[in-house]
Amino acid sequence: KRVVPLDLFPASLIKNIRIIKSFVPEESGEFSGGLVKIETKDYPDQFFMNVGVGIGMNANTTRNKWLTFNGGDFFGRPTASQELPSIVKSVPDVLPFEPGNRFGGIPSQLVGIGAATFPSNWSSEETKAPYDRNFNFSTGNTFKLTETGQRLGIIFGTTHSVDYRFRRQKDVRYIPGNPIATTFTDLTTISPLQSQNADIYVEERLFGNNLNLNYEPMTGQQFFLKTF
């Protein structure tokens, strides 16, 4: 996924946002239209600590009908009820979990047993859609190690958000045709072939961390580590 959610970066950690519209040797060339480069701070001017909490709502979703199921933890990771059965995980990833043939593969009896061990509960629970929630925390400081200019900069930030969205979707497949005769190659009309209505409930969890470590042994030289 090349699209990065911008709310993964606490605003207090951002130093510059650069927009690059031409190709330069030090940047990736796999973009079109432009490149947005987010630069985080290296050395805070002073010690800081920011904590933020928020709550939001969506007029189409919040406190309305909501269908969900018991799955996913606080960070959005699968729980034990969503993990693959042990018999399926024991098969190497390079080997498809499907019945083999006379030349080899997985016995069909084993595939049948493995399929039967998957959770078979497909029902959902109806409740009211909760409010959207978000939390962010960031802190950092600069430590002057010597009088000659050596310094160490440390910045840490974390964000977590939960959003609930409902949408009603309609998918229709059409087939081209001619109202006079089906043998005509001049197709002037389209007729519905298949129609499907769906109510989609999406719970989206975003969790991100940022750690910047910067060490300047002397003016003009710097060692740094930046993680996201």
Side-chain angles (χ1 to χ4, degrees), residues 1-62 72-78 82 93 129-167 169 200-228:
K1 185 177 181 180
R2 299 181 63 87
V3 178
V4 179
L6 296 181
D7 51 2
L8 289 178
F9 304 92
S12 58
L13 302 187
I14 297 178
K15 179 176 66 175
N16 292 318
I17 298 180
R18 298 169 53 196
I19 300 178
I20 303 174
K21 301 187 69 175
S22 59
F23 296 100
V24 290
E26 64 270 19
E27 301 296 343
S28 171
E30 299 177 353
F31 68 88
S32 61
L35 175 67
V36 178
K37 186 174 183 179
I38 301 176
E39 298 178 348
T40 53
K41 294 180 180 179
D42 297 328
Y43 302 96
D45 298 329
Q46 59 185 3
F47 171 78
F48 73 92
M49 178 182 293
N50 299 322
V51 179
V53 293
I55 188 172
M57 66 172 297
N58 180 274
N60 193 44
T61 306
T62 306
D73 62 5
F74 177 78
F75 301 106
R77 299 172 301 185
Q82 297 173 280
D93 295 337
Y131 289 91
D132 300 340
R133 305 181 301 273
N134 63 80
F135 167 81
N136 64 83
F137 170 80
S138 59
T139 184
N141 198 6
T142 298
F143 302 92
K144 295 184 179 180
L145 305 179
T146 64
E147 297 297 332
T148 58
Q150 292 186 19
R151 58 178 180 170
L152 175 67
I154 301 176
I155 298 178
F156 171 75
T158 182
T159 62
H160 181 271
S161 65
V162 186
D163 294 330
Y164 303 89
R165 293 295 180 268
F166 164 78
R167 72 176 185 271
Q169 183 172 302
I200 301 177
Y201 301 84
V202 179
E203 177 181 340
E204 184 178 52
R205 293 178 178 263
L206 295 179
F207 175 65
N209 294 288
N210 170 253
L211 175 64
N212 288 0
L213 299 176
N214 298 273
Y215 172 62
E216 188 176 33
M218 61 181 64
T219 303
Q221 295 185 2
Q222 178 174 272
F223 300 93
F224 64 88
L225 171 66
K226 296 184 178 183
T227 62
F228 295 96

Q. Any sub-3.5 Å donor-acceptor pair from T61's side-chain atoms to F166's backbone N or O?
A. yes
(Q) Under the criterion side chain to side chain contact (heavy atoms under 4.5 Å, CB included), I'd like the reasoning laid out for F207 against T158: C-alpha separation, chi angles, the key distance, then a yes or no. (A) CA-CA 8 Å; F207 175 65; T158 182; 3.6 Å; yes
Q. What do you reckon, is CD of Q46 surrounded by more than 12 foreign heavy atoms closer than 6.0 Å?
A. no
Q.
Determine whether a donor-acceptor pair (N or O, by modelled atom type, separation under 3.5 Å) exists between the side chain of N58 and the backbone of T62.
A. no
(Q) When you compare the side chain of I14 with that of K41, does any pair of heavy atoms fall below 4.5 Å? (A) no
**Q.** Rounded distance (nearest 0.5 Å) linking atom CG of L213 with atom CD1 of I155
**A.** 9.5 Å
**Q.** Donor-acceptor under 3.5 Å (R205 side chain, F74 main chain)
**A.** yes
Q) Looking at N210 and T227, what are the two nearest heavy atoms and their distance? A) ND2-O, 3.0 Å
Q.
Are there over 12 heavy-atom neighbours, none belonging to F223, within less than 6.0 Å of that residue's CZ?
A. no
Q: Test K226 against N214 for side chain to side chain contact (heavy atoms under 4.5 Å, CB included), laying out the working first.
A: CA-CA 8 Å; K226 296 184 178 183; N214 298 273; 4.2 Å; yes
Q. At their closest point, which heavy atom of D132 faces which heavy atom of R165, and how far apart are they?
A. OD2-NH1, 2.8 Å
(Q) If you apply the rule salt bridge (Lys or Arg N to Asp or Glu O under 4.0 Å), what do you find for R18 with E39, and how did you get there? (A) CA-CA 8 Å; R18 298 169 53 196; E39 298 178 348; 2.9 Å; yes
Q.
I need the Y43 OH to Y215 OH distance, nearest 0.5 Å.
A. 9.5 Å
Q. Between CG of L206 and CG of N134, what distance do you get to the nearest 0.5 Å?
A. 10.5 Å
(Q) Could you tell me if the side chain of Y131 sits less than 4.5 Å from the side chain of Y164, heavy atoms only? (A) no
Q | Where G140 and P44 come nearest, the two heavy atoms and their spacing | A | C-CG, 4.1 Å
Q. Should we say atom CG of L225 is surrounded by more than 12 heavy atoms from elsewhere, each under 6.0 Å from it?
A. yes
Q | Among Q222, K144, R151, Q150, side-chain hydrogen bond (donor to acceptor under 3.5 Å, both in side chains) partner for E216 | A | R151
Q: Look only at the side chain of N50 and the backbone of T139, and say whether a donor-acceptor pair between them is shorter than 3.5 Å.
A: no
Q. Taking the side chain from H160 and the backbone from R133, do they hold a donor-acceptor pair closer than 3.5 Å?
A. no
**Q.** Criterion side chain to side chain contact (heavy atoms under 4.5 Å, CB included) on F156 and N209, from CA distance to verdict
**A.** CA-CA 8 Å; F156 171 75; N209 294 288; 4.0 Å; yes
Q.
Surrounding CG of N16 (heavy atoms of other residues, nucleotides or ligands, distance under 6.0 Å), is the total greater than 12?
A. yes
Q.
Treating N136 as the side-chain partner and V53 as the backbone partner, does any N or O pair qualify as donor plus acceptor under 3.5 Å?
A. no
(Q) Rounded to the nearest 0.5 Å, what separates atom NZ in K15 from atom OG1 in T40? (A) 7.5 Å
Q) Looking only at heavy atoms, which two atoms of N141 and F47 are closest? And how far apart? A) OD1-N, 3.4 Å
Q) Are S161 and F135 close enough that some pair of their side-chain heavy atoms sits under 4.5 Å apart? A) no
Q | Worked verdict on N212 versus I154 for side chain to side chain contact (heavy atoms under 4.5 Å, CB included) | A | CA-CA 6 Å; N212 288 0; I154 301 176; over 6 Å; no
